[in-house]
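A, B, ... follow the sequence lines: proteins, then strands. Residue 1 opens every chain.
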Amino acid sequence: MAVTAKNLCKDEFFYGHKACAGCGGSLAVRNALKVLGKNAVAVLPAGCMSAVGFNFPQLCFANNAIISTFAGTSSMLTGIEAGFRRRGITDFTAVGFAGDGGTADIGIQALSGAIDRNDNIIYICYDNEAYMNTGIQKSGLTPFGAKTTTTPAGENIRGNIRPKKNMFEIVAAHDISYAATATVGYMTDFLNKIEMLHIPEKIFMRLHLLLLFLMMVLLMRTLSLKMRKTASKR
Amino acid sequence: MAKKFLSGDEAFAEGIRLVRPEVISAYPITPQTIVVERLSEMVEDKSLDSEFIHVESEHSALSCAMGASAAGVRAFTATSSQGLLYMAECLYYASGGRFPIVMMNANRSTALPWNIYGDQRDSLSQLDSGWIQAYAENAQESLDLALMSYYIAEKREVSTPFMVNLDGFILTHTYEEVDIPTQDQADIFLPKYETDNKLDLDNPKNMAFSAGPEHNYIFKYKEHIGMKNAVSVIGEAEKKFSEIFGRKYSGLIDTYKTEDADYIIITLGSIAGLCRETADKLRKNGNRAGVLRIRYMRPFPAKEITEIVKNAKSVAVLEKDISFGNEGTVFTNVNSALHTEKINVPSYNFIGGLGGRNISASDIEHIYSAMEKGTEKVNFIGIEVEE
Amino acid sequence: MKPYLREKTQFGFHDVPENTCFEAGYLVTKNSGWRSIRPVVEHGKCTGCMQCYLYCPDGVISIENKKAVVDYKFCKGCGICSKICKTGAIEMEAEK
């Protein structure tokens with residue numbers, strides 16, 4: 001059944017956070033968690049969503065959540081997934097939320113490794129097209145021509161002169177199970193793509209990635225062979 | 001118990017088989033590679049039931065181990081040199097998060113110039129990362145430390161990650177007869193890992209969070225106390241270990257003929273054996289030579305060292321390390337201890353073995369004679385500079 | 001279920017945990033001070049279509065008896081709810 005506002009989980013898992021008023025990234029995290037439910041185990045690297053969500057003792061996730069190193073979202077997801085599985089826990093979802101810099105720049109190596117391993121994890125990139133937490137510096141997903149604080153549009157530096165990395169194609173080239181793009185501007189589409197990631201039976205593939213571009217999201221999911229078997233049994 | 005002819009790396013892998021970590025994540029680097037190869041073989045032949053994760057870097061190796069630890073299971077990783085430096089960010093992260101991960105580090109020189117041979121600059125540069133640091137001398141001690149490290153790291157009042165250092169090649173690749181305990185003995189020694197420091201579906205947790213200036217300081221203080229608590233837990237672990245396995249260890253330091261020694265070499269790692277042999281040789285000529293081997297650089301055995309050397313005529317710190325522009329880091333630590341405990345014994349620093357350069361018996365004899373005559377504060381073994 | 005404000009807000013030496021692991025969803029401060037404008041729902045116009053609830057980045061709007069209700073303790077006054085509302089039931093009014 002399609003996810004709509006009416007049947008969306010009423011619980012709020014990301015609440016009381018200190019994101020800027022109207023932040024699209026926080027909306028993506030909030031609604032993704034509402035689809036994934038209380039057993040989502042969220043990994044957030046150093047960046048906006050961890051800065052606004054976890055300042056002891058103000059802890060804004062109702063579900064299990066942990067900050068990873070900036071570069072280590074995917075590898076920490078791998079460790080958590082393996083650890084829970086070794087504890088005999090199966091009804092959980094390991095999900096990462098990283099920004100464009102955390103995904104396409106500093107985190108791309110660990111992400112590539114996780115896709116290569118086909119770990120049973122979900123990875124959501126909320127792409128706001130620059131390093132926003134530190135004050136709008138150019139990232140690998142900053143679009144062509146954009147003026148940022150490190151690519152001023154002047155006489156000598158003419159804004160960002162390179163096109164945005166095609167993150168979706170990079171991920172697709174790994175032969176990933178499922179990848180999609182979405183935007184919080186079309187919320188129903190976004191919610192239903194998250195739902196696709198959530199339920200292994202619906203997909204025949206592995207690491208799942210959703211890329212959210214301003215605010216689009218690149219959704220990814222890998223699903224290990226073991227997990228595939230479990231899924232087909234259910 | 002079974003006896004096998006094993007290298008240091010292999011002995012450590014045998015120790016890890018007995019520990020049975022749930023998750024192993026590691027990236028290959030010389031001279032650590034044999035450990036991860038053996039562990040992979042053990043997983044393949046099912047003599048070890050662990051999840052072996054092929055990470056794409058050392059940073060991810062420790063990041064993944066932290067994820068596993070945050071999920072509440074026992075985790076292991078191993079690295080060396082450049083790899084240790086590459087994962088440096090995660091070292092501080094793991095200790096701050098109080099994740100009792102154990103890592104084997106094969107001590108190896110750091111680039112540039114590139115070099116794969118053994119010195120201790122890699123791990124000594126990370127003394128402040130909040131990890132317990134032990135330095136093994138031989139293959140048997142390596143295996144035994146694999147078992148004891150988890151006992152110590154996982155103790156609730158310690159909850160601190162543990163780095164076991166093996167001298168690259170000299171220890172990692174040298175074969176010795178090693179006594180391998182049975183799984184039953186290991187299980188009696190090492191309790192199952194239980195922790196509250198984990199993600200929990202029934203009682204959800206927020207972990208690895210930020211803390212502002214007011215609270216951050218308290219977290220750091222408690223981390224320091226955790227490391228200090230390791231001192232008594234190391235003693236407790238060694239007592240229990242000797243009861244079950246019959247082998248005794250002597251805590252943070254290991255001494256040889258220091259009771260009446262006038263001249264004591266303080267060192268760490270595999271070179272201690274040659275120092276002991278040399279001390280014996282000198283003693284035949286009536287020179288009262290002794291050796292103090294530091295087994296743990298963190299927590300640092302300040303009181304233990306000063307208690308041993310207080311009546312000596314002089315001490316020399318022999319180390320495979322240099323803090324450029326200053327002196328050897330072990331020397332700095334030892335001098336601080338001497339000063340703090342108000343022990344007025346002249347101390348000298350001998351730096352050698354960088355990039356795997358051999359330290360010979362005659363080099364060590366020279367150290368003893370230089371201590372007797374008096375020498376420069378900081379000396380470089382085998383470097384001759386024309387004035 | 002959602003994170004909520006707790007009574008205990010001060011953490012001295014003994015209250016600070018030994019590790020960086022703490023109860024999830026523990027709130028000690030509100031966000032109401034961020035607002036310069038506040039959403040006011042005119043119940044006569046509200047149809048309970050839930051779009052404001054769906055698009056609120058802070059999740060502070062709930063639908064009770066088919067009408068939008070704002071949790072002013074955590075509303076930051078971004079105004080997305082007002083923009084998304086098809087019936088014009090939400091007006092942004094200046095905070096006094």
Side-chain angles (χ1 to χ4, degrees), chain A residues 3-35 37-42 48-50 52-68 126 183-191 215, chain C residues 1-12 15-17 19-39 47-64 66 68 71 73-84 92:
Chain A
V3 185
T4 63
K6 290 214 161 39
N7 64 17
L8 187 62
C9 170
K10 294 287 176 288
D11 294 334
E12 295 294 341
F13 298 101
F14 189 38
Y15 198 79
H17 56 76
K18 305 294 179 184
C20 305
C23 168
S26 66
L27 178 57
V29 172
R30 173 196 166 221
N31 279 350
L33 287 175
K34 282 166 85 79
V35 177
K38 67 181 173 57
N39 284 0
V41 180
C48 282
M49 289 308 117
S50 59
V52 303
F54 294 83
N55 208 337
F56 178 82
Q58 177 95 353
L59 301 168
C60 306
F61 286 88
N63 57 310
N64 282 290
I66 183 169
I67 307 182
S68 73
Y126 60 96
T183 166
V184 288
Y186 295 93
M187 189 54 80
T188 313
D189 177 63
F190 171 78
L191 295 175
M215 294 307 290
Chain C
M1 136 189 225
K2 66 179 174 188
Y4 61 97
L5 285 166
R6 311 298 174 114
E7 282 179 18
K8 183 174 175 53
T9 59
Q10 297 301 312
F11 286 74
D15 310 316
V16 169
N19 44 44
T20 53
C21 180
F22 202 71
E23 188 179 341
Y26 195 103
L27 304 182
V28 296
T29 57
K30 296 185 279 191
N31 294 336
S32 51
W34 291 35
R35 275 196 311 271
S36 56
I37 47 173
R38 67 157 58 200
T47 62
C49 73
M50 307 183 89
Q51 291 303 295
C52 53
Y53 153 80
L54 193 61
Y55 280 90
C56 175
D58 291 87
V60 299
I61 300 176
S62 53
I63 307 296
E64 288 166 25
K66 298 193 173 171
D71 179 354
K73 286 199 291 289
F74 291 100
C75 170
K76 294 167 185 160
C78 71
I80 287 178
C81 51
S82 170
K83 290 273 190 327
I84 207 87
M92 299 307 290

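- For the residue pair C:Cys56 and A:Leu27, the shortest heavy atom distance occurs at O-CD1, 3.6 Å.
- When every heavy atom of A:Ala62 is checked against every heavy atom of C:Ala24, the shortest pair comes out as O-CB, 3.6 Å.
- Remark: C:Tyr53 OH to A:Lys6 NZ distance equals 11.0 Å, nearest 0.5 Å.
- C:Met50 contributes atom CE, which lies 9.0 Å from atom CG of A:Asn7 (distance to the nearest 0.5 angstrom).
- Put simply, the side chain of A:Ile67 does not reach to within 4.5 Å of the side chain of C:Thr20, judged on heavy atoms.
- Of all the listed residues (A:Ala21, A:Ala65, A:Cys9), the one sharing the greatest number of non-hydrogen pairs under 4.5 Å with chain C is A:Ala21.
- A:Ile66 does not touch chain C: none of its heavy atoms, backbone or side chain, sits under 4.5 Å away.
- What you find for C:Val28 and A:Gln58 is that their closest heavy atoms are N-OE1, 2.7 Å.
- Interface remark: of the candidates C:Asp58, C:Leu5, C:Ile80, C:Asp58 forms the most heavy-atom pairs closer than 4.5 Å to chain A.
- Shown here for A:Met187 and C:Leu54, the closest heavy-atom pair between the two residues is CG-CG, 3.6 Å.
- A:Tyr15 is listed as a side-chain neighbour of C:Val60, based on a closest heavy-atom distance under 4.5 Å.
- Heavy-atom contacts from other residues, nucleotides or ligands closer than 6.0 Å to NZ of C:Lys73 number 12 or fewer.
- Note on C:Gly79, C:Ser62, C:Cys78: by heavy-atom pairs under 4.5 Å with chain A, the leading option is C:Cys78.
- Among A:Phe54, A:Phe13, A:Phe56, the residue making the largest number of heavy-atom pairs under 4.5 Å with chain C is A:Phe56.
- Taking all atoms of both residues into account, the shortest heavy-atom contact from C:Asn31 to A:His17 is ND2-O, 2.9 Å.
- The choice from A:Ala19, A:Gly53, A:Cys60 that makes the most heavy-atom pairs within less than 4.5 Å of chain C is A:Ala19.
- At least one side-chain heavy atom of C:Thr29 sits under 4.5 Å from a side-chain heavy atom of A:Lys18.
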